[in-house]
Amino acid sequence: KTLAEKRPGLGGTLQANVSGAAQLRAADPRILVRDLSGNLKTTALRIKGKNLGDLTLAASTSGGRTNFTLNSGIAGASIEGRGSVQLANDYPTDAQVTFKNVTWAGLRPLLGYEAAEGRGFEAAGDGQVSVNGPLMNAQQLRGSVQVTRLEVSGASSVFRKTNPTLLTNQGPIAATLDRAVLKIQSAHLSGPQTDLQATGTVPLGGQATGQAMNIALNGNVNLAILEQFDQSITSSGNIMLAAGIRGSTANPRLAGQVELHNAAFDYTDLPTGVWKANGVIALNGDSAVIRNLTAEAGGGQVTVTGSATL
């Protein structure tokens with residue numbers, strides 16, 4: 001299919017001028033690029049009449065190394081990148097990308113996603129990404145991500161044109177990649193009566209890395225923020241979280257507990273809501289054990305105990 005068929009309403013001009021040379025080999029990599037030079041440019045990129053901005057990518061090869069630069073104003077963001085790739089086995093690479101004002105509202109049309117009226121969210125962020133190592137060998141690839149600004153707000157509507165910020169980062173959100181293991185060094189988000197922190201490691205190469213997933217999640221969430229994401233929701237109260245996720249990405253194991261404090265949740269499509277919920281839910285492996293949870297539902301008082309497999 002053409003781009004126009006995949007993304008109806010997409011328009012603009014794409015100019016490309018590329019030259020190169022490659023070697024066919026019996027060993028890996030089967031195709032080894034020996035030379036790559038040229039440029040790519042989009043002008044007046046738009047979707048459904050909305051201007052999305054321009055993008056320029058340039059590359060040149062000298063001494064067996066391809067240097068490239070990227071400048072983009074797509075989706076209202078400012079993205080600048082530069083780096084180099086050595087045209088040899090596994091393609092050793094050193095690259096950095098800086099982004100400013102990347103927003104979900106700007107990315108949404110490119111992804112073909114349209115939120116329903118009164119539903120969804122808005123997010124904006126700034127940060128940097130770096131990659132160093134052989135592109136064809138994930139076990140030796142290193143990198144880092146640092147988000148210096150992240151702001152999340154609820155969906156606007158005809159009744160609510162703007163929303164206050166619901167979540168924002170406290171200090172940089174930082175993660176590193178080393179030998180196919182992603183390490184979350186710091187991730188701290190806060191908002192009205194809400195404070196969440198996460199740290200830990202996530203293996204991206206499965207069992208080949210020899211490491212298990214180990215993530216710690218701690219904090220409290222004001223359930224009232226859910227109303228800002230969907231006007232069909234009515235919610236209040238708080239959840240306190242002290243939990244961990246271990247094991248593999250294919251078979252995660254939970255630990256810790258979740259405390260409900262006067263929690264309430266109702267949704268227009270549900271037959272009834274839950275109000276004044278208080279209690280503790282213990283997380284153990286792939287199960288959740290409910291410890292004396294009391295709440296109001298359907299006009300009466302209910303008490304829930306037992307366990308459920310997640």
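Every heavy atom of this structure was used, including side-chain atoms; hydrogens, water molecules and symmetry mates were not. Residue numbers start at 1 and run along the sequence shown.
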For [Y], is there any backbone N or O sitting under 3.5 Å from a side-chain donor or acceptor partner on [X]?
X: Ser235; Y: Leu223; value: yes
X: Asn284; Y: Val289; value: no
X: Thr61; Y: Leu36; value: yes
X: Thr194; Y: Asn222; value: yes
X: Ser144; Y: Thr176; value: no
X: Asn220; Y: Gln193; value: yes
X: Asn169; Y: Leu150; value: yes
X: Ser186; Y: Pro172; value: yes

[atom1]/[X] to [atom2]/[Y] distance, rounded to the nearest 0.5 angstrom?
X: Ser72; Y: Leu45; atom1: OG; atom2: CG; value: 9.0 Å
X: Asp90; Y: Leu135; atom1: CG; atom2: CG; value: 9.0 Å
X: Thr69; Y: Leu57; atom1: OG1; atom2: CG; value: 7.0 Å
X: Arg291; Y: Glu259; atom1: CZ; atom2: CD; value: 10.0 Å
X: Ser130; Y: Arg142; atom1: OG; atom2: CZ; value: 12.0 Å
X: Leu107; Y: Thr103; atom1: CG; atom2: OG1; value: 6.0 Å

Hphob cluster co-occupancy, [X] + [Y], side-chain heavy atoms under 4.5 angstrom:
X: Val97; Y: Val145; answer: yes
X: Leu204; Y: Met213; answer: yes
X: Val280; Y: Ile239; answer: no
X: Val129; Y: Ile74; answer: yes
X: Leu189; Y: Phe229; answer: yes

For [X] and [Y], which heavy atoms make the closest approach, and how far apart are they?
X: Ser190; Y: Gln170; result: OG-NE2, 2.8 Å
X: Ala75; Y: Gly106; result: CB-O, 3.3 Å
X: Ile173; Y: Ala187; result: CG2-CB, 4.1 Å
X: Thr42; Y: Gly53; result: OG1-O, 4.4 Å
X: Ile281; Y: Ala288; result: CG2-CB, 3.8 Å
X: Ala243; Y: Leu283; result: CB-CD1, 4.0 Å

### Message
Considering only residues two or more places apart or on different chains, which pairs with a residue in residues 40-99 satisfy ring-ring contact (aromatic ring centres under 6.0 Å, His included)?
### Response
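Found none.
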When you compare the side chains of [X] and [Y], does any donor N or O come within less than 3.5 Å of an acceptor on the partner?
X: His188; Y: Asp195; value: yes
X: Ser287; Y: Ser307; value: no
X: Gln23; Y: Arg34; value: yes

### Message
Looking at Arg82, I'd like to know if its CZ atom is crowded, meaning that more than 12 non-hydrogen atoms belonging to other residues, nucleotides or ligands lie closer than 6.0 Å.
### Response
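Result for CZ/Arg82: open.
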### Message
Does Arg65, at its CZ atom, have more than 12 non-hydrogen atoms belonging to other residues, nucleotides or ligands within less than 6.0 Å?
### Response
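Yes - once you tally the heavy atoms of other residues, nucleotides and ligands closer than 6.0 Å, there are more than 12.
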Looking at side-chain heavy atoms only, is the closest gap between [X] and [Y] below 4.5 Å?
X: Thr165; Y: Thr168; result: yes
X: Phe265; Y: Leu226; result: yes
X: Leu293; Y: Leu260; result: yes
X: Leu70; Y: Ile79; result: yes
X: Tyr267; Y: Asp230; result: yes

### Message
Is the ring pair Trp104/Phe121 parallel, tilted or perpendicular, if the boundaries are 30 and 60 degrees?
### Response
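Ring orientation, 0 to 90° scale: parallel.
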### Query
So Ile233 and Asp266, side-chain contact (heavy atoms from CB on, under 4.5 Å) or not? Walk me through it.
CA-CA 6 Å; Ile233 293 176; Asp266 193 16; over 6 Å; no
### Thr305 and Ile290: CA distance, side-chain angles, deciding distance, side-chain contact (heavy atoms from CB on, under 4.5 Å) verdict
CA-CA 5 Å; Thr305 58; Ile290 303 172; 5.6 Å; no
### Task
Could you give me the CA-CA distance, side-chain angles and deciding distance for Met240 and Val258, then say whether side-chain contact (heavy atoms from CB on, under 4.5 Å) is met?
CA-CA 6 Å; Met240 295 190 66; Val258 179; over 6 Å; no
### Message
Among residues at least two apart in sequence or on other chains, which ones pass side chain to side chain donor-acceptor pair (under 3.5 Å) with Gln96?
### Response
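Counting only residues at least two positions away or on another chain, Gln96 forms a side chain to side chain donor-acceptor pair (under 3.5 Å) with Asp94.
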### Task
Report the residues that fulfil side chain to side chain donor-acceptor pair (under 3.5 Å) with Arg25, sequence neighbours left out, ordered by chain and then residue number.
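Expected list: Asn89.
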### Task
Kindly write out the residues that satisfy salt bridge (charged side-chain N to carboxylate O under 4.0 Å, His left out) with Glu296, not counting sequence neighbours, or none if the list is empty.
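So Glu296 forms a salt bridge (charged side-chain N to carboxylate O under 4.0 Å, His left out) with Lys276.
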### Task
Kindly indicate, with the supporting measurements, whether the criterion side-chain contact (heavy atoms from CB on, under 4.5 Å) is fulfilled by Leu254 and Ile245.
CA-CA 5 Å; Leu254 303 178; Ile245 306 175; 3.8 Å; yes
#### Entry: side chain to side chain contact (heavy atoms under 4.5 Å, CB included) partner of Val221, chosen from Leu196, Leu241, Asn238
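It is Leu196; the other options fail the test.
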### Message
If you apply the rule side chain to side chain donor-acceptor pair (under 3.5 Å), what do you find for Thr303 with Thr294, and how did you get there?
### Response
CA-CA 4 Å; Thr303 300; Thr294 62; over 6 Å; no
### Message
Using a 4.5 Å cut-off between side-chain heavy atoms of Ile, Leu, Val, Met, Phe, Trp and Tyr, which other residues end up in the same hydrophobic cluster as Leu24?
### Response
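Once heavy-atom contacts under 4.5 Å are chained together, Leu24 belongs with Ile31.
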### Query
What do the steps show when you test Thr98 against Gln128 for side chain to side chain donor-acceptor pair (under 3.5 Å), and what is the final call?
CA-CA 4 Å; Thr98 300; Gln128 304 89 34; 5.3 Å; no
### Query
Quick one: salt bridge (Lys or Arg N to Asp or Glu O under 4.0 Å) pairs with a partner in residues 125-138, sequence neighbours left out?
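Matches after skipping sequence neighbours: Asp126-Arg149.
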